[in-house]
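Because only heavy atoms are used, hydrogens play no part in the values below, and waters and symmetry mates are left out as well, while side chains stay in. Keep in mind the model is a prediction, meaning the values are calculated, not measured. Here is how names work: the chains are called A, B, and so on, in the same order as the sequence lines, proteins then strands, and each is numbered from 1.
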Amino acid sequence: MLKTHYCGELKKGLVGSKVTLAGWVDRRRDHGDLIFIDLRDRTGIAQVVFNPQISKKSHAVAEQMRSEYVLKVTGEVSLRPSGTENLKLPSGAIEVIADEVEILNTSKTPPFYINEDTEVDENVRLKYRYLDLRRERMLKNLILRDNVVKFVRDFLHDKGFLEIETPILIKSTPEGARDYLVPSRLYPGQFYALPQSPQQLKQLLMVAGVEKYFQIAKCFRDEDSRADRQPEHTQLDIEMSFVEEEDILKLMEELFTGLIEKVKPDKRVIKPFPRINYKDALEKYGSDKPDLRFGMEMRDLTDIAGQSEFSVFKKVVADGGKIKGICAQGCADYTRSQLEELNKFVQSYGAGGLLTFALGSAPGDINNLTSDTVKSVAAKYMTLEQIKEIGQRLDAKLGDLILVVAGKPKVVDKALGELRREMGQRLKLADPNLLAFAFIVNFPLFTWNEETKHWEPEHHPFVWPWPEDVSILEKNPGKVRAHCYDIVCNGFELASGSIRIHTPELQRRIFRFLGYSDAEIEEKFGGFLGAFEYGAPPHGGIAPGIDRLVMILAGESTIREVMAFPKNQNAVDLMLEAPSVVREEQLKELHIRLRDD
RNA sequence: GGCCUGUUGGUGCAGCGGUUUAGCAUAUCUCCCUGUCACGGAGAAGAUCGCGGGUUCGAAUCCCGCACAGGUCGCCA
C-alpha cells in the first residue's frame, strides 16, 4: 500500500508516530512560508503542514499543489499548538508535519466544487459523476447504501436464505412494462429480454426446492423515468416456500425495523406496522401509497352535500359521483390567489374544480360558526347546518379551510389525494424523522381497464386469489380478492409481493381469463407452467426496492442521488454517452437493418 | 404525446424595457503573508445572457418557435 493510515483514522493516540497518507487535496491554505493542506480520502480529512524549516523540498512541492491533486505524504503526527485545534474536524486536535511528499497525479480545476455542498446543475454532475461521487453527500449515500445491503444480506443469511443469481438475458413476456431487448446473433430475428424482475425465475427456484431465496437483483423497464423510477433499478428479491401472507409480512417488519435501528437509529418507526386495506387507503388517502406521517384524512360528504341546493353537488350526485373533502387546519385565511392555485392543482388531476369553505377567521369551535363568517361560493345554496355538519365530519374548527372535490369517484380520490399530499407538504405536517411504514393489504386480483375494456391483473398474473373467491373468478372478477400486499413508507411504494399460484390448472385458468389462447399460453409460459406439473410447493414472496429505500433513509428526493451512475430523465447516461450508435458490422452480425421512420 | 418550471463567466446567484461598459459570491491566474482551517490582503483574466425569429428608437429583460434539463400526467404486470 502507498499509505500506512487513512486520514480519518488519525487520532491523538498516534501522536509521535510517523505515518504515510495518500489522498486528494481538499483545500490549500498558503501563508507564504507555512502551507496547510487538507488531505482527503474516503474516510475523512487530515491537516498536513508544510514548513520550510522542516523540509524545504516538501514546501516547494506544496507550493505547486492545487485542488484535487493526488498526494502521498509522510510525516509525524503531532498535537496542534494549543489554541489552533479545529473542533469541527474529528482529526482537528492533531496534524501531520510533512517531511516527504510526492505528487502522484495532478488534476485539472474541477468543473464544480468537490469540497462544498452547493447545488450544481445535474447535467454537469452526471457528466462528471466520478467527481460528483467524491463529494461528501454522495459518498455518504454510497456508504449508507452499502450498510443497507450488508444488513439485508446478513439478516437473510441468518434466517437461512440462499442468495442465488438469475440470468440477465431472459425471455420477453407479454404483460407489464416495455422490455429492453437484446438481439440474438445466433438466431436471426430473435431477441432476449432483460428481466423486469426475476419473477418467474424465483418461482422456479421454489419448484427446485430452494425454499428460501433472495437476490439483490437488477431490474429493467423501458418506461419513462421519474424522481423515483429509472430504466434500471435494484430490488431485494425474496421468495419462500410453504409460507402464508402473514409470514412474509412478519419477516419484512422484522427486517425493516432491524435495519433502521442499525443504519438510521435517529429515525423513528411506528411498530407494529399498520395494515391498511387497499380500499380503505383509497377511501381515506386517495392513494395506494399514502403518506401516513400526517392525518388530514379524506371523508365522504356525498350524503350531506347532496342534500344541498348547490347545482354542482346535485349534478354530481345525479350522475353517480361522489363528494369528498379534507380539512386544512388554520388555512381559512388563504387568499384568493392561493385558492386559485389549489383549484388549478386539482384540475391538473382531472377534477372539475375545487370547492372551498373558509370557516370564520379566528380559531374556535365549529358549533359557533355563523353564516356571515363562512366564505364559499356554495354557501348561499347550503344551510348553515349542512356546512356545520360537513365541518364536524372533517373534525374542522373555526379558522380551518375545507377543501372539497366532487365528481367521478376515481377522479375525486386521485385529485383530493394529491391535494392532501400537497397540503401536507405546504403545511409541513410530515415529521422528517418519522418513517411511517405500513402494509397495504387485500388488493383485488383484477382491475378493469377502461381503455382496453379488459380485466387486467392488479399486480401480476401469478398472484394467488383467495380460495373462497376462486368460484366467482369469471363471473364476478372485480370481487375476487388477492393474496397480495405492498409496503409503503412516507408516500412511496417500497415493496410489492404476493402469495403465488402453485397449481398449473389455476394458473392456466387465470391466463385464459386474461384473454390468452391456449397456444399463446403454451408459447409464452409453457416452460414455466410445465415446471408446475412437478410438485410446485405453495410459495410467495416480496420485492422491496433498494433505491427507494435508501433514498428515503438518506432523506433524498430522487433515487438518482443514491445510485452511483444513474441515467437522466431521458434515459441517457451523460458520462458514458449511452445509448450510442454502433458499427455497421455489429448490426450486420445481429441481422439488424435500421428502419428510417 | 400533454402540462408546469428552469436555462446569465467554471460553479452558484442578482439583474426582469433605458448610466449595465451585464452586478455579486466563489473558483481560476499573479504577487504578498509562519498557525490557518470557507485563512487573509492586493491585482488580473474570464459571458456573443441556451438557440432562432419577432415587437421596440432600444431586449438578458416582452412575445412566438425550437433545443436541453427537472417535476408531473399518460405509462410503470
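Of the candidate nucleotides G74(B), C76(B), U11(B), G74(B) has the atom lying nearest to any side-chain atom of Arg226(A). Of the candidate nucleotides C37(B), U28(B), G70(B), U28(B) has the atom nearest to the side chain of Thr109(A). Nearest nucleotide to the Pro111(A) side chain, out of C39(B), G10(B), C29(B): G10(B). For Glu95(A), the side-chain atoms get nearest to U36(B) when compared with the rest of G71(B), U36(B), G12(B). Nearest nucleotide to the side chain of Glu116(A), out of C76(B), A69(B), A38(B): A38(B). Out of U36(B), C37(B), C76(B), the shortest distance to the side chain of Phe36(A) is found at U36(B).
Sorted by residue number, the list of members of residues 414-422 of chain A with any non-hydrogen atom under 4.0 Å from RNA chain B is empty. Contact check of residues 495-510 of chain A against RNA chain B (heavy atom, cut-off under 4.0 Å) returns no residues at all.
One finds no side-chain N or O of Arg27(A) lying less than 4.0 angstrom from the OP1 or OP2 phosphate oxygen of A38(B). Between Gln47(A) and U36(B) there is no side-chain N or O to OP1 or OP2 distance below 4.0 Å. Within the structure, every side-chain polar atom (N or O) of Asn123(A) is placed at least 4.0 Å from both OP1 and OP2 of A69(B). Between Arg560(A) and the phosphate of G71(B), there is a side-chain N or O to OP1/OP2 separation shorter than 4.0 Å. The side chain of Arg29(A) contributes an N or O atom lying less than 4.0 Å from OP1 or OP2 of C39(B).
One interatomic measurement links the two molecules: CZ of Phe112(A) to P of C13(B), which rounds to 14 Å at whole-angstrom precision. One interatomic measurement links the two molecules: CG of Asp33(A) to C1' of U36(B), which rounds to 14 Å at whole-angstrom precision. Taking atom CG on Asp30(A) and atom C1' on C39(B), their separation rounds to 10 Å, with Å as the unit.
When heavy atoms are screened at a 4.0 angstrom cut-off, Ser197(A) is found touching base atoms of the nucleic acid. Nucleic acid contact for Gln200(A): none, since no nucleic acid atom lies under 4.0 Å from a heavy atom of the residue.
For the residue pair Arg500(A)/Ser498(A), the side-chain donor-acceptor check at 3.5 Å is satisfied. Judged purely by distance below 3.5 Å, without hydrogens or angles, the side chains of Tyr516(A) and Glu175(A) pair a donor atom with an acceptor atom.
For Asp224(A) against G74(B), a side-chain N or O and a base N or O form a donor-acceptor pair under 3.5 Å. In the interface, the side chain of Arg80(A) is paired with the base of U36(B) through a donor and an acceptor atom under 3.5 Å apart.
Using the Watson-Crick or G-U wobble rule with both distances under 3.5 Å, G74(B) pairs with nothing in any strand shown.
For an aromatic pair to be called close, the ring centres must be under 6.0 Å apart, and Tyr278(A) with Phe443(A) satisfies this.
A perpendicular orientation is assigned to the rings of Phe220(A) and Tyr180(A), their planes being inclined by more than 60° (bins at 30° and 60°).
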